[in-house]
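Down below is the structure, laid out as structure tokens.
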2 protein chains.
Amino acid sequence: MPGSANAALIKGLATKARLSEEDRSALAALPIDELHVQRGQDVLREGDRPSRSALLISGLTCSYKTLASGRRQITAFYHAGDVPDLQSLHLDVADNSILALVDSHIGYIRHRDLEDISAKYPTVSKALWRATLVDAAIYREWTTNLGQRDAMSRMAHLFCETLVKQQVIGLASGDSCMFPVTQAELADALGLSVVHVNRSLMELRASGTISFERAELIVHDLGALEKQGGFDRSYLHLRMDDHAPHKLK
Amino acid sequence: MPGSANAALIKGLATKARLSEEDRSALAALPIDELHVQRGQDVLREGDRPSRSALLISGLTCSYKTLASGRRQITAFYHAGDVPDLQSLHLDVADNSILALVDSHIGYIRHRDLEDISAKYPTVSKALWRATLVDAAIYREWTTNLGQRDAMSRMAHLFCETLVKQQVIGLASGDSCMFPVTQAELADALGLSVVHVNRSLMELRASGTISFERAELIVHDLGALEKQGGFDRSYLHLRMDDHAPHKLK
DNA sequence: CGGATCGTTGAGTTGTATCAAGACGGGTGG
DNA sequence: CCACCCGTCTTGATACAACTCAACGATCCG
């Protein structure tokens, strides 16, 4: 189905930047090579020099860094419509890897095509730039999350972020969404041990604010969860204006 | 002295992106309002909607976030030639504050002027974009640092980063540089308590790899420090080609 | 049925935080 | 010039959050 990849791109970008009709039709014409990657497969490896960026059409990916010690830090999760390595457009060698956490559908967009469209449509260029700036804002928030909050709050914060991101792209139903990560992956994202993730998770569940089973996150009390995580969505820089009221609380 | 601010900007950008002669002369003509800020003064506050970005001409600034709990996370340090809030060019409301850690000299560049120059000189636009991408890469590394390394290694990593950044802009003499931060500020950057920063610092000093007194960082054994911190400069995406061999090890 | 992955639990250890207090130095005002 | 204050650094004692190691249970799948 040609164009579905472009639709995902446009939808994702639209949550991060303003797109005119002209921008949309230009983006709709962008050539995108689609392919499937299986769970556990790397989409990009640290040190690569890609000539194209990977759009996530469906599924879930993360970027991560591996240390000499063998430890791993997940630095971000990406959902449908995100371009996890958009920065590779201008940063020649990748400083992180990207991994599919579940079977995913991705689309490759050649850097040359991105540069062409950027040159021709300044507002598209601005939108892409802005998308990378939003990613950066999220990294800042993660740094803060890891540096200042304890295990429970960190986890609550991550769950809030995940829910909101998916609500915005219409992948959540009410206050629940799919989040197919193992506790080991949560541990790597939160800078905690697996055991401690397990305990914090059970504590969160016991408090009645969330359920998290079989890859599904159900938030029973978003207010409580946001409070617990010190979550304030403004760092996501969402464009709420023309976005339908996705049950904005 | 007109132009010294522009020179700082060009020098800083040149470490992060390739600039043609044409780019340089365009940047040299950019209007920049200079002013001094005193130590402890905010250059920008979370929630602001600036219409200009702040170039750091001399001194030291950091970006930080304050939590409801009163805790604070420093998310980055900025040196001469950096533009700490360049992202505000496209991100309307600031999600962090910026603070002068010592008396500093900064220059304001109007967003309108940046947009004009970007429209006219695509390679300048690309250079600015790339500068924000390098910042993002550093945030990713910090997330990893906070999530995966223990106190000593975190600190070693930060010292390596600080030294290398200053070597690149010519502010270091050999393997030492000024780094006028208090231990409390280090604590906020590293996600540690002041007491623990003090102890880790003394341990680092005792190991003979560094000295850190009266705002001066002296690295006696860079190899050992890099090893301790698991430091690999590639995430800084430095352009080493036309940069004089600043004692590149 | 056996193996693999993932989640859960227990026990003991370690890294880091907190609280508290003293030491040092630079600046200010009497 | 001294006395004092304030910010910073240092040190000790204690508490706790999070880690490690180890084992077991539950699923799922071939």
Side-chain angles (χ1 to χ4, degrees), chain A residues 38-41 60 67 69-74 99-103 145-158 178-206 210-217 228-229, chain B residues 38-41 60 67 69-74 99-103 145-158 178-206 210-217 228-229:
Chain A
Q38 288 194 312
R39 168 196 167 158
Q41 200 178 320
L60 181 68
L67 310 205
S69 59
R71 300 179 65 105
R72 179 177 76 156
Q73 175 68 41
I74 290 177
L99 172 71
L101 293 167
V102 292
D103 291 358
N145 204 26
L146 293 190
Q148 301 301 326
R149 289 194 258 262
D150 66 15
M152 278 255 293
S153 301
R154 264 185 236 184
M155 191 173 296
H157 190 280
L158 175 59
M178 300 310 294
F179 191 34
V181 292
T182 66
Q183 294 188 3
E185 286 153 356
L186 277 183
D188 285 346
L190 297 171
L192 298 170
S193 68
V194 183
V195 173
H196 201 57
V197 161
N198 181 270
R199 293 191 166 123
S200 306
L201 195 47
M202 298 188 54
E203 211 175 326
L204 259 188
R205 287 198 272 236
I210 64 153
S211 302
F212 184 65
E213 267 160 327
R214 260 169 262 113
E216 187 176 22
L217 169 68
Q228 166 78 355
Chain B
Q38 289 194 314
R39 168 195 168 157
Q41 201 177 318
L60 180 69
L67 310 204
S69 59
R71 300 179 65 106
R72 179 177 76 156
Q73 175 68 41
I74 291 178
L99 172 71
L101 294 167
V102 292
D103 291 358
N145 204 27
L146 292 191
Q148 301 301 327
R149 290 194 257 261
D150 67 13
M152 279 256 294
S153 300
R154 264 185 237 184
M155 191 173 297
H157 189 280
L158 175 59
M178 300 310 293
F179 191 34
V181 293
T182 66
Q183 295 187 3
E185 285 153 356
L186 278 182
D188 284 346
L190 297 172
L192 298 169
S193 69
V194 182
V195 173
H196 202 58
V197 160
N198 182 269
R199 293 193 165 122
S200 307
L201 195 47
M202 299 190 50
E203 211 175 327
L204 260 188
R205 288 198 272 237
I210 65 155
S211 302
F212 184 64
E213 266 161 327
R214 260 170 262 113
E216 186 177 22
L217 169 67
Q228 168 77 46

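Throughout, protein chains are lettered first and strands after them, A, B, ... in sequence-line order, and every chain is numbered starting at 1. Quick caveat, the model's predicted, so the values are computed rather than measured.
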Ignoring hydrogens and angles, answer whether the base of dG10(C) and the side-chain atoms of R199(A) contain a donor-acceptor pair closer than 3.5 Å.
-> yes
Determine the contact category for V195(A): base if any of its heavy atoms lies under 4.0 Å from a base atom, sugar-phosphate if only primed atoms, P, OP1 or OP2 are that close, otherwise nothing.
-> base
Heavy atoms from other residues, nucleotides or ligands near CZ of R205(B) exceed 12 (cutoff 6.0 Å) | yes
Which pair of non-hydrogen atoms, one from M152(B) and one from S200(B), has the smallest distance, and what is that distance?
-> SD-O, 3.6 Å
Gap between atoms CD and P, on E203(B) and dT11(D) respectively (whole Å) = 13 Å
Taken to the nearest whole Å, CG/L101(A) to P/dC6(C) is 11 Å
Between C1' of dG26(C) and CZ of R39(B), the distance in whole Å = 12 Å
Rounded to the nearest Å, what distance is computed from the CZ atom of residue F212(B) to the P atom of nucleotide dC9(D)?
-> 8 Å
CZ of R39(A) to CG of D103(A), rounded to nearest 0.5 Å, is 8.5 Å
Nearest-Å distance, CG (L186(B)) to C1' (dT8(D))?
-> 13 Å
note: E213(B), atom CD; dT10(D), atom P; distance rounded to Å ~ 8 Å
Quick one: is R205(A) getting a side-chain N or O under 4.0 Å of the dT8(C) phosphate, OP1 or OP2?
-> yes
Within the structure shown, what part of the strands sits under 4.0 Å from T182(A) by heavy-atom distance: base, sugar-phosphate, or nothing?
-> sugar-phosphate
Picking from dT18(C), dT20(D), dT10(D), the nucleotide nearest the side-chain atoms of M202(B) would be dT10(D)
Out of dT9(C), dC19(D), dT18(C), minimum distance to the side chain of L192(A) belongs to dC19(D)
Positions of residues 149-156 of chain A (non-hydrogen atom under 4.0 Å from DNA chain C), listed by number = none
Sugar-phosphate, base or nothing in reach of G191(A), heavy atoms under 4.0 Å = sugar-phosphate
Checking dT11(D), dT8(C), dC19(D) against the side chain of Q183(A) (C-beta onward), the nearest is dT8(C)
Rounded off to whole Å, could you give me the CG-to-P distance for the L190(B) and dT16(C) pair?
-> 11 Å
OP1 or OP2 of dA26(D) sitting under 4.0 Å from any side-chain N/O of R214(A)?
-> no
Taking OP1 and OP2 of dC9(D), is either one under 4.0 Å from a side-chain nitrogen or oxygen of N198(B)?
-> no
CZ of R71(A) versus P of dG15(C): gap in Å, rounded?
-> 12 Å
I210(B) side chain reached by L201(B) side chain, heavy atoms, under 4.5 Å = yes
Nearest 0.5 Å please: distance from the CG atom of L204(A) over to the OG atom of S153(A).
-> 8.5 Å
Side-chain contact, heavy-atom cut-off 4.5 Å: I74(B) with V181(B)?
-> no
Could you grab the distance from atom CG of D188(B) to atom CD of Q73(B), nearest 0.5 Å is fine?
-> 7.5 Å
Nearest-0.5 Å distance that lies between atom CD in Q228(B) and atom CZ in R149(B) = 10.0 Å
